[in-house]
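Please read the structure below before turning to the comments.
In listed order, ligands and their atoms are each counted from 1. We're numbering straight along the sequence, starting at 1.
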Amino acid sequence: MARIIPVPPFDCVVFGATGDLTLRKLLPALYYRFRDGQMTEDARVIGAARSALDDDAYRQRAVKALKQHVAAGDIDDGTLDRFCARVRYVRLDATKRDADWDALKLALRPECVRVFYLATSPDLYGQVCANLGAVGLVTENSRVVLEKPIGHDLASARAINDEVGAVFSETKIFRIDHYLGKETVQNLLALRFANTIFERLWTTDVIDHVQITVAETVGLEGRGGYYNRAGQLRDMVQNHMLQLLCLIAMEPPVSLDADRVRDEKLKVLRALQPIEPHDVAPLTVRGQYSAGAIGGQPVTGYLADLGTDEPSATETFVALKAAVCTWRWANVPFYLRTGKRLPQKLSEIVVQFRALPFSIFPADAAEWQPNRLIIRLQPEEGMRLSMMTKDPGPGGLRLSPTGLDIRFEKTFNMRFPDAYERLLMDAVRGDATLFMRRDEVEAAWKWVEPILQAWSGRPDHPRPYPAGSWGPTGAIALIERDGRTWHDEIE
Ligand code: BG6
């Protein structure tokens with residue numbers, strides 16, 4: 001069992017309390033932290049939303065959601081009752097400044113840490129924060145947690161950051177990128193900075209290229225309205241994928257202090273070579289899934305999922321080649337690939353080392369494969385270092401690639417907590433290391449925006465790819481043009 005350090009007493013107000021994120025992710029995360037004794041008996045969760053519910057009716061919804069989203073073996077009636085006793089509900093339209101705020105004011109304790117979690121549409125962040133300030137709810141001990149996406153482009157991100165920043169100082173703003181809360185993503189810091197062996201190899205002299213893949217089998221999941229306006233570049237690349245790239249590419253921070261870590265990530269974002277309009281075609285590929293099959297089951301195409309016959313220029317797949325312009329990463333391309341309705345759910349980072357400069361072995365001794373470090377974020381979290389070894393036995397010298405393998409779940413034999421468990425408790429503690437700072441979010445938009453603009457100016461639509469495939473053929477060409485191959489094509 002992992003060591004649990006209880007957090008201080010807190011009141012967590014969740015705006016958007018009846019929404020999908022709250023019911024599917026936030027309440028289960030808080031339940032687990034309560035069950036494991038990290039959230040103490042005096043902590044409170046206050047749901048706020050427009051629906052006309054009272055405490056009991058909201059608790060019933062919470063129980064239903066918990067039974068659905070917490071593993072059956074992890075839930076028992078006693079703990080559930082004790083947890084629900086911590087849950088309250090306030091009916092409130094957070095965009096209006098009316099007497100309904102009084103009920104929230106009364107529910108909050110002056111001496112406790114206050115976490116205002118905005119699980120609402122990002123267009124409302126400014127207004128909700130302005131109201132929190134105006135009704136006098138923001139204390140020294142208050143923090144605000146914002147879900148992604150922060151904006152739709154650089155200008156809208158700046159506008160949201162300005163509005164939120166007018167009420168909360170930057171150290172009190174916790175912008176969530178839930179990938180940073182994943183155990184294996186945090187493990188990237190341990191891999192690089194708690195071991196001596198890799199850091200010395202982490203350079204252009206030794207590394208040939210890096211691949212980052214975030215593949216999902218799901219399609220729209222009832223989020224067509226949002227997704228069709230956003231697309232995969234905004235939804236996954238601007239945040240999750242670039243954060244992963246930063247953790248791989250950053251220089252060692254001088255400490256684990258939130259700002260020191262974020263300073264280093266920011267330097268990477270600023271070192272990303274801008275993709276100019278004339279580079280968009282050779283360096284990026286966008287696709288949109290059509291009908292196909294996943295795991296032997298037929299699935300419909302994007303437009304059918306959206307429920308329209310109208311063509312859509314929204315991409316559900318992106319592959320791109322990025323360059324980090326620093327001494328360490330000169331001539332080391334970063335290939336990024338992410339999409340919906342791909343053959344499997346898989347997030348992994350592959351660091352491929354350079355090929356042998358010279359071989360003393362006969363040419364036919366092996367199927368040569370350069371060394372690769374494969375960091376598997378999900379599923380089957382772990383790491384594998386692929387190396388050439390001699391096949392056992394007499395009969396000549398034959399070599400094959402073999403893996404040094406760590407499977408985290410097997411090694412530690414414990415449940416992997418959901419990212420939101422870690423992030424919520426960090427927000428209560430006031431530790432912003434795993435949250436995005438304003439300048440990071442804006443630097444990421446600055447890099448992504450020219451790609452979006454170039455795409456929207458082009459007459460062609462995203463290339464179709466059948467659901468259950470690895471995206472349009474252009475994605476394969478993108479890497480094969482450079483004499484390299486996506487990892488799944490090899491294994
Ligand atoms: C979210 C995106 O941020 O991440 C979703 O909005 C995506 O579209 C999800 O499905 C993927 O997260 P995970 O943790 O399942 O890899």
Side-chain angles (χ1 to χ4, degrees), residues 16 19-26 28-29 32 69 117-123 125 145-152 157 174-188 212-245 247 286-289 294 299 302 305-306 312 314-318 336-349 375-382 408-409 415-424 434-436 440-441 444-445 448 462 467 471:
D20 182 62
L21 176 73
T22 308
L23 300 174
R24 203 163 45 84
K25 288 287 184 185
L26 305 183
Y32 270 115
H69 300 293
Y117 198 117
L118 309 195
T120 62
S121 157
D123 335 332
Y125 291 169
V145 183
L146 309 177
E147 265 296 326
K148 70 159 256 280
I150 310 288
H152 193 69
F174 289 71
R175 297 179 191 82
I176 287 222
D177 180 316
H178 80 277
Y179 266 55
L180 294 179
K182 288 184 190 276
E183 285 288 327
T184 32
V185 176
Q186 293 165 54
N187 231 321
L188 292 174
I212 305 178
T213 295
V214 176
E216 294 182 273
T217 52
V218 293
L220 293 182
E221 303 281 277
R223 298 193 309 155
Y226 152 75
Y227 191 87
N228 200 42
R229 283 192 310 275
Q232 196 73 355
L233 191 72
R234 287 190 178 91
D235 189 46
M236 297 298 284
V237 178
Q238 188 272 344
N239 33 74
H240 307 324
M241 305 278 289
L242 288 185
Q243 285 293 321
L244 296 178
L245 185 152
L247 291 172
R286 52 182 177 149
Q288 188 184 85
Y289 65 84
I294 298 182
V299 288
Y302 180 69
D305 287 356
L306 268 184
S312 160
T314 300
E315 77 291 350
T316 62
F317 177 95
V318 179
L336 273 49
R337 177 177 62 154
T338 178
K340 306 270 185 225
R341 291 284 193 228
L342 298 188
Q344 59 183 121
K345 180 158 177 79
L346 168 79
S347 302
E348 70 177 17
I349 300 169
I375 304 158
R376 184 59 87 83
L377 308 177
Q378 56 191 20
E380 293 170 8
E381 294 85 348
F408 294 135
E409 206 147 358
R415 180 186 73 89
F416 263 46
D418 186 78
Y420 281 94
E421 295 180 44
R422 166 73 196 249
L423 295 175
L424 276 161
L434 300 177
F435 294 81
M436 292 184 295
E440 278 182 271
V441 174
W445 276 123
V448 154

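- The aromatic rings of His178 and Tyr420 lie parallel to each other, their planes meeting at an angle below 30°, with 60° marking the opposite boundary.
- Looking at Asp177 and His240, their side chains come closer than 4.5 Å, going by heavy atoms from C-beta outward.
- Applying the side-chain contact (heavy atoms from CB on, under 4.5 Å) rule to Thr217 yields the partners Ile294; only residues at least two apart in sequence or on another chain are considered.
- Glu440 pairs by the side chain to side chain donor-acceptor pair (under 3.5 Å) definition with Gln243, Lys265, not counting sequence neighbours.
- Checked against side-chain contact (heavy atoms from CB on, under 4.5 Å), Arg24 has the following partners two or more places apart in sequence or in another chain: Asp20, His69.
- For Tyr117 (side chain) and Glu147 (main-chain N/O), no donor-acceptor pair under 3.5 Å exists by modelled atom type.
- Within 4.0 Å of ligand 1, the residues that place a heavy atom are Lys148, His178, Tyr179, Lys182, Glu216, Arg223, Asp235, Met236, His240, Lys340, Lys345, Gln378, listed by chain and number.
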